[in-house]
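To keep things clear, I will list the structure first and then write my remarks on it.
Everything numeric here is computed off the predicted structure, so don't read it as measured data. For ligands, and for the atoms within them, numbers begin at 1 and follow the listed sequence.
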Amino acid sequence: MDFSQTLSDKSDAIIDQWVEAVYQDQQIEATQELTFKAVRDSLPRVLKALATVLSESATSDLQTVVDASLEHGTLRAEQGFEPAEIAREYRLLRFVIFSHLEQDLLQGSPQDVLRAVRLIDTVIDEAIARCFNSYTQGRLQEFKQLQNQLRLTNQELTRLVHANKESVSQLAHELKTPLTSIIGYSDLFLRQHRQQSLQDSYSDIESIERVLKSSRLLLRLINDTLEISRYDAGQMKLQPTLTDVGDLINLVIEMIEPLALAKELSLVVDCDRAPQQVTTDPLRLQQILTNLLSNAIRYTQTGSIRLECWIESQQQWAISVTDSGVGIPPEAQAQIFNPYFRAVTDPLVQSTDGTGLGLAIVSRLVQLMHGEIKVNSQLGKGSTFTVILPLD
Ligand code: ADP
């Protein structure tokens, strides 16, 4: 029996059902931040490769599947899938394929059916193995890059310690211990990995995930701290240029939209009354808006996030970010712009990976732009952050 023809004939239906199943599977969380197209992209090639192998004999070499699933694994690593999520994705594929082949299988002899089921299983197992292989490679590459970045940051911290800047050197000193252990751990892992030549077990991959997660947070913490110390040392400079407000807002929304979608929050933009062009530092303004919007999303469980812009006066324009989230207690509102201050006591929200430095950076940038930032918030109802900036 030749099931490859059925697979090819039904490939569109199989892929659609597969993508749908991957999307709806609650345990595959990585898809929450991806578009339908991004999830679908490499699947047709994997399925086509499976059909090609099935059309040949059971002894045929699996090179087509190997290539397709290596490519698929690399993509999934880039998209932030966990190993368990990739395994689930293939389990769903197995299920979808069998549900489409059921009618054909029922018409074959028991020997034919057994042979076909074994072959399909073998091919999918091989695909999973190869996919993991390239997934691990992808992760390792990211891991090495992170390690290099950490090394550079470590050097920068050492330089600052020597420059004898009181508060920064104290902080740098505190950060050096965990940083050193992360670098030590990753060094050890990579050395072992080289000796074992890619015999990664599931727990190895999980260790990489853990190290990567804390390294990312630590790196953000250090970078944010350095950003503040640069400002405090008067080294932060703006690069103003004539900027199209609509383009800049679209860019920010494009970046931030997946975060809102992942929490099923609606993102409303009302910038009809915005000036068309302003003179500003576009990268820094982008940084301000991204920070305010990601906070709004982080501290909101249901409802909506609203971004508004308007011309405030002959010399000024304004942007506000409003959320329907947890709100900020009145006594904390004056402190949220201080470095390392975190007001939220809700354990659900507290567990997120904040650093307490975002608003401190935002308020410094706004100051540098000769602007003003205000907060208006009601506990349990939501918050509005308004930034007023000069038009020129
Ligand atoms: P973090 O990394 O903790 O979010 P920020 O400097 O961005 O640091 O914010 C400081 C604190 O201000 C947060 O810990 C949170 O308590 C509070 N906060 C900031 N934005 C919001 C918001 N939109 N809603 C409620 N609380 C907020």
Original post:
Under 3.5 Å, N or O to N or O, is Gly358 touching ligand 1 that way?
Top reply: yes
Original post:
Which atoms from ligand 1 have a heavy atom of Leu359 less than 4.0 Å away?
Top reply: 5 (P), 6 (O), 7 (O), 9 (O), 12 (O), 19 (C)
**OP:** Run the numbers for me: atoms of ligand 1, each under 4.0 Å from some heavy atom of Leu357, listed by number.
**Re:** 6 (O), 8 (O)
Subject >> For Arg91, all residues meeting side chain to side chain contact (heavy atoms under 4.5 Å, CB included), sequence neighbours excluded >> reply: Arg88
Original post:
Among all residues two or more places apart in sequence or in another chain, which pass the side chain to side chain contact (heavy atoms under 4.5 Å, CB included) test with Gln367?
Top reply: Tyr231
Original post:
Quick one: does Gln287's side chain have a donor or acceptor within less than 3.5 Å of a partner on Val362's backbone?
Top reply: no
Original post:
Can you list the ligand 1 atoms lying under 4.0 Å from a non-hydrogen atom of Phe341?
Top reply: 10 (C), 11 (C)
Original post:
Of all the atoms in ligand 1, which lie at a distance below 4.0 Å from a heavy atom belonging to Arg342?
Top reply: 3 (O), 14 (O), 16 (O)
Subject >> Side-chain heavy atoms of Gln333 within contact of Ser377, under 4.5 Å >> reply: yes
Subject >> Whether Gly325 lies under 4.0 Å from ligand 1, heavy atom >> reply: no
Subject >> Close-contact set for ligand 1 against Ile328 heavy atoms, below 4.0 Å >> reply: 25 (C), 26 (N), 27 (C)
Subject >> Atoms of ligand 1, numbered as shown, that sit under 4.0 Å from any heavy atom of Gly327 >> reply: 25 (C)
**OP:** Ignoring hydrogens and angles, state whether a donor on the side chain of Thr386 or Ser320 is under 3.5 Å from an acceptor on the partner side chain.
**Re:** no
Subject >> Close side-chain approach of Glu89 and Asp25, heavy atoms under 4.5 Å >> reply: no
**OP:** Say whether Asn291, considering both its backbone and side-chain N or O atoms, lies within less than 3.5 Å of an N or O atom on ligand 1.
**Re:** no
**OP:** Can you figure out which of Ala343, Ala296, Gly356, Pro329 has its heavy atom closest to atom 1 (P) of ligand 1?
**Re:** Gly356
Subject >> Spacing of CG belonging to Asp272 relative to SG belonging to Cys309, to within rounding of 0.5 Å >> reply: 9.5 Å
